[in-house]
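Since the model is a prediction, treat every value here as computed from it, not as a measurement. All values below come from the heavy atoms of this structure, side chains included, with hydrogens, waters and symmetry mates left out.
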Amino acid sequence: MTTHAPQAAQAVTLPTTLDEAVAALAAMPAAVPVAGGTDLMAAVNSGQLRPAALVGLGRISEIRGWQYQDGHALLGAGLTHARMGRPDFAALIPALAASARAAGPPQIRNAGTLGGNIATAAPTGDALPVLAALEATLIIAGQGGARREIPVSHLLAGVEMLRAGELIGYVRVPLLHAPQVFLKATGRTGPGRALASVALVLDPARRGVRCAVGAIAPMPLRPLEAEQWVAQLIDWDNNRAIVPEALAAFGEYVAAACIPDPEPAEDGSVDPLPPAVLHLRRTVAALARRALGRALS
């Protein structure tokens, strides 16, 4: 898996249950958990990481599927992008399936996992804006069978962190049974690393719109004011109708919220955004406009 012949890990543990994995991490504080290894091996190959020990999660069958639970889907952290991209999963959570299908070439989708995407928290992680828009919750496994829940947004924002010996076990996602869309721009043909991405979810029961923008900041951004503004313009009782001008305005609102203009100087002048940043803002506006249009169509 590498041409650099890195130093071999001193120990490799292959637990078969989530609690065994937590116990292994507690027994070896320097150990690094690994599932698909798509990000881990990149760090090893570049010389950025030399793990003293590994705890492999690939044999833990309980986190490689999903189940229904009180109007939610309980997703195992070991679900691969390839599995989430299949039609049966797409019928359950369409936006997450779309992000999984866009996660990269087949070798990445076959290996990369939902939990790894969250734990690595790379800004370009395709699943992250979808989970933020869905307001997903993480179930964290700790020592002695302990479980605790935190919003995924808290972990991505660094408000709460994984404690020593803890692992992401499951992701709880509400089943809205409503339109949801994931779009991303890569700047090149075919699956690739996102320059910007947008996840948009309709919540007819609450007459709400939830939107998250990925890849342009260290964590997904929620333009809350734009969400609230456009939700008031949707005719929820008449096939969710909206005037075309509102779609364009929503895109601009989202883009300006996520990539604001520079602060005025002391003399009141405002420098224009650099061309690359202005292009990125236009890209976000286009993605947000198209996402809302598709969700409402």
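- Shown here for A215 and A194, the closest heavy-atom pair between the two residues is CB-O, 3.7 Å.
- V181 and L247 fall within the same hydrophobic cluster, where Ile, Leu, Val, Met, Phe, Trp and Tyr residues are linked whenever their side-chain heavy atoms come under 4.5 Å apart, directly or through other members.
- Note: L128 CG to N117 CG = 5.0 Å, rounded to the nearest 0.5 Å.
- The side chain to side chain donor-acceptor pair (under 3.5 Å) test applied to Q228 returns no partner, not counting sequence neighbours.
- Two different hydrophobic clusters hold L167 and I150 under the rule that ILVMFWY side chains link at heavy-atom gaps under 4.5 Å.
- Minimum heavy-atom separation, A132 to A212: CB-CB, 3.9 Å.
- Here the side chains of L162 and L155 are in contact, with some heavy-atom distance below 4.5 Å.
- Going from atom CZ of R282 over to atom NE2 of H279 covers 9.0 Å, rounded to the nearest 0.5 Å.
- In this structure, the side chains of V198 and P129 stay at 4.5 Å or more apart for every pair of heavy atoms.
- Taken together through direct or relayed side-chain contacts under 4.5 Å among Ile, Leu, Val, Met, Phe, Trp and Tyr, L75 and F182 form part of one hydrophobic cluster.
- Of the possible polar contacts, none joining the Q180 side chain to the A199 backbone as a donor-acceptor pair under 3.5 Å is found.
- With hydrogens and angles disregarded, a donor-acceptor distance shorter than 3.5 Å links the side chain of K184 to the backbone of A102.
- The closest donor-acceptor contact from the side chain of Q67 to the backbone of L74 lies at 3.5 Å or more, if one exists at all.
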TODO: Run the numbers on I216 and L280 for side-chain contact (heavy atoms from CB on, under 4.5 Å), then give the verdict.
DONE: CA-CA 8 Å; I216 66 170; L280 184 60; 3.9 Å; yes
TODO: Determine, stepwise, if the pair R59 / T16 fulfils side-chain hydrogen bond (donor to acceptor under 3.5 Å, both in side chains).
DONE: CA-CA 5 Å; R59 296 184 178 180; T16 58; over 6 Å; no
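- Residues Y68 and L92 are in side-chain contact: their nearest non-hydrogen atoms beyond the backbone lie under 4.5 Å apart.
- Within the model, atoms CG of L114 and CD1 of I63 stand 10.0 Å from one another, a figure rounded to the nearest 0.5 Å.
- Between the R64 side chain and the L79 main chain, no donor and acceptor come within less than 3.5 Å of each other.
- Residues R148 and E160 are paired through a salt bridge, judged by an N-O separation under 4.0 Å between the basic side chain and the carboxylate.
- Atom CD in E245 sits 11.0 Å away from atom CG in L233 (nearest 0.5 Å).
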Task: salt bridge (Lys or Arg N to Asp or Glu O under 4.0 Å) evaluation trace for E135 with R222 - done: CA-CA 11 Å; E135 297 183 343; R222 286 280 303 276; 3.4 Å; yes
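- Between L131 and I118 there is a side-chain heavy-atom pair separated by less than 4.5 Å.
- The shortest distance between side-chain heavy atoms of L273 and D261 falls below 4.5 Å.
- In this structure, the ring of Y170 has its center no less than 6.0 angstrom from the ring center of W66.
- R210 places a side-chain N or O within 3.5 Å of a backbone atom of A133 that can act as its donor or acceptor partner.
- The main-chain N or O of D70 is found under 3.5 Å from a side-chain atom of H72 such that the two form a donor-acceptor pair.
- Side-chain atoms of R147 never come within 3.5 Å of backbone atoms of I139 as a donor-acceptor pair (strictly under, hydrogens ignored).
- The shortest distance between side-chain heavy atoms of V12 and L14 falls below 4.5 Å.
- Across all their heavy atoms, T13 and M28 have their closest contact at OG1-CE, 3.3 Å.
- Using a 4.0 Å cut-off between charged nitrogen and carboxylate oxygen, R207 and D237 count as a salt-bridge pair.
- Within 6.0 Å of atom CD in E225, 12 or fewer heavy atoms from other residues, nucleotides or ligands are found, so the atom counts as exposed in its surroundings.
- Although no hydrogens or angles enter the test, the distance criterion places a donor-acceptor pair under 3.5 Å between the side chain of N110 and the main chain of P106.
- Considering T124, T186, D126 in turn, T124 is the only one that fulfils the side chain to side chain donor-acceptor pair (under 3.5 Å) rule with R193.
- Transitive grouping of hydrophobic side chains (ILVMFWY, heavy atoms separated by less than 4.5 Å) brings L134 and M84 into a common cluster.
- Under the 3.5 Å distance criterion, the side-chain polar atoms of S99 are matched with a main-chain donor or acceptor of L96.
- Looking at heavy atoms from C-beta onward, V254 lies out of side-chain contact with L292 at the 4.5 angstrom threshold.
- A salt bridge between D88 and R83 is present, with a side-chain N of the basic residue lying under 4.0 Å from a carboxylate O of the acidic one.
- Counting all heavy atoms, side chain and backbone alike, T113 lies closest to G78 at CG2-O, 3.7 Å.
- Summarising the local packing, CD of E263 is surrounded by 12 or fewer heavy atoms from other residues, nucleotides or ligands at distances under 6.0 Å.
- In this structure, CE on M161 lies 11.0 Å from CD1 on I140, to the nearest 0.5 angstrom.
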Task: Audit row: T80, R109, side-chain contact (heavy atoms from CB on, under 4.5 Å) steps and yes/no - done: CA-CA 7 Å; T80 64; R109 299 197 304 272; over 6 Å; no
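- Residue L183 is grouped with residue V209 when hydrophobic side chains (ILVMFWY) are merged at heavy-atom distances under 4.5 angstrom, including chains of intermediate members.
- The backbone N or O of I259 sits less than 3.5 Å from a side-chain atom of R281, completing a donor-acceptor pair.
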Open item on the list: Go through it in stages, so that I can follow the logic: the residues are V152 and T137, the test is side-chain contact (heavy atoms from CB on, under 4.5 Å), and I'd like the CA-CA distance, side-chain angles, deciding distance and then a yes or no.
Closed with: CA-CA 5 Å; V152 67; T137 300; over 6 Å; no
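- Closest approach of A21 to I60, counting heavy atoms only: CB-CD1, 3.8 Å.
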Task: salt bridge (Lys or Arg N to Asp or Glu O under 4.0 Å) between R240 and D235, worked out - done: CA-CA 5 Å; R240 296 191 287 264; D235 188 349; over 6 Å; no
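- Taking the ring pair (Phe, Tyr, Trp, His ring centres under 6.0 Å) definition, one finds that W236 meets it with nothing, sequence neighbours left out.
- Taking the side chain as every heavy atom from C-beta outward, V201 and V130 never approach each other to under 4.5 Å.
- Among all heavy-atom pairs drawn from G85 and A100, the shortest one is N-CB, 4.0 Å.
- Distance check, rounded to the nearest 0.5 Å: CG of L221 to OG of S153 gives 12.0 Å.
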TODO: Using the side-chain contact (heavy atoms from CB on, under 4.5 Å) rule, take V284 and L287 through it: C-alpha gap first, then chi angles, then the decisive distance, then the call.
DONE: CA-CA 5 Å; V284 171; L287 291 175; 5.6 Å; no
